Amino acid sequence: MQKYGSAKWQGGIKDGLGSISAESGVLKDAPYGFKARFEGGPGTNPEELIGAAHAGCFSMALSLFLGEAKMVAESIATKATVTLDKDDSGFTITAVHLDVKVRVPGADKAAVEKALQTAKAGCPVSKLFKAEITMDATVET
């Protein structure tokens with residue numbers, strides 16, 4: 001399977017503007033630029049899109065691993081915070097932190113914790129990162 005995203009850019013790094021699109025059309029020419037990425041201006045940026053992708057991938061993987069352990073989540077809510085730092089070589093994504101709230105009525109907490117750790121390490125987007133991935137999870141049973 002292959003999916004694609006695309007970007008267009010015009011102008012210099014600080015005064016230029018770009019747009020990002022996704023194959024599905026859910027993103028179509030979403031604006032991004034220096035101000036959106038580094039100064040809190042309007043528009044999207046690659047880090048928040050990576051965060052959304054990681055949160056979605058992790059949540060689906062957690063559902064899979066819970067299912068393999070004969071559990072079904074009533075709800076999974078994941079927030080992935082992506083850290084972009086500057087080092088000697090330029091900017092680098094150095095960390096991703098997952099904040100997870102999962103509700104699995106009647107489940108064994110230890111089994112849910114095992115599924116959480118397996119999903120953290122095993123979702124395809126997690127495997128993509130060189131950055132450290134940390135996680136805080138709230139489990140309701």
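This structure is a prediction, so every number in the text was calculated from the model and none was measured.
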Tyr32 vs Leu49 side-chain heavy atoms within contact, under 4.5 Å
no
Can you confirm whether more than 12 heavy atoms, excluding those of Met135, are under 6.0 Å from its CE atom?
yes
Pairwise side-chain contact, Ile50 with Phe129, heavy-atom cut-off 4.5 Å (strictly under):
yes
Shortest non-hydrogen contact from Ala36 to Thr44?
CB-O, 3.4 Å
Which atom of Ile13 lies closest to which atom of Phe34, heavy atoms considered
O-CB, 3.2 Å
Give the cluster check for Ile93 versus Val125: same hydrophobic cluster or not, with ILVMFWY residues linked at side-chain heavy-atom distances below 4.5 Å.
yes
Distance alone, cut at 3.5 Å: any donor-acceptor contact between the side chains of Thr83 and Thr94?
no
Any donor and acceptor pair, going by atom type alone, linking the side chain of Thr118 with main-chain N or O of Lys114 inside 3.5 Å?
yes
To the nearest 0.5 Å, what is the distance between OG (Ser21) and CG (Leu27)?
7.0 Å
Under 4.5 Å between any side-chain heavy atoms of Val82 and Glu48, yes or no?
no
With rounding to the nearest 0.5 angstrom, report the CD1 to CG distance, Ile20 to Asn45.
7.5 Å
Taking Val72 as the starting point, is it possible to reach Val112 by hopping between hydrophobic residues whose side chains are less than 4.5 Å apart?
no
Which heavy-atom pair separates Ile76 from Ser63 by the least distance, and what is that distance?
CD1-N, 4.0 Å
Please tell me if the side chains of His54 and Leu128 come closer than 4.5 Å, counting only heavy atoms from C-beta onward.
no
With no hydrogens and no angle check, do the side chains of Asp87 and Thr92 hold a donor and an acceptor under 3.5 Å apart?
yes
Suppose we call two aromatic rings close when their centres sit under 6.0 Å apart. Are Phe65 and Phe58 close by that rule?
no
Mind listing the closest non-hydrogen atom pair of Cys123 and Cys57 along with its distance?
SG-SG, 3.2 Å
Side chains of His97 and Thr81: any donor to acceptor distance under 3.5 Å?
no
Between atom CD of Glu68 and atom NZ of Lys70, what is the distance when rounded to the nearest 0.5 Å?
8.5 Å
Go through the steps for Leu84 and Arg37 under the test side-chain contact (heavy atoms from CB on, under 4.5 Å), then give the verdict.
CA-CA 10 Å; Leu84 180 70; Arg37 192 171 192 184; 4.3 Å; yes
Flag side-chain contact, heavy atom, 4.5 Å: Glu140 against Ser75:
no
Student check: side-chain heavy atoms of Leu116 and Leu62 closer than 4.5 Å:
yes
Verify same cluster id: Leu98, Leu64 (apolar side-chain graph, 4.5 Å):
no
Check whether more than 12 heavy atoms from other residues, nucleotides or ligands sit under 6.0 Å from atom CD of Gln10, and answer yes or no.
no
Locate the shortest heavy-atom distance separating Met71 from Ala107; write the atom from each residue and the value.
SD-CB, 3.6 Å
Heavy-atom closest pair, residues Ala73 and Leu66:
CB-CD1, 3.9 Å
Is there a side-chain contact between Lys120 and Ile133 in this structure, where contact means two heavy atoms from C-beta onward sitting under 4.5 Å apart?
yes
Would you check if Pro31 and Ser19 make a side-chain contact, meaning some heavy-atom pair closer than 4.5 Å?
no
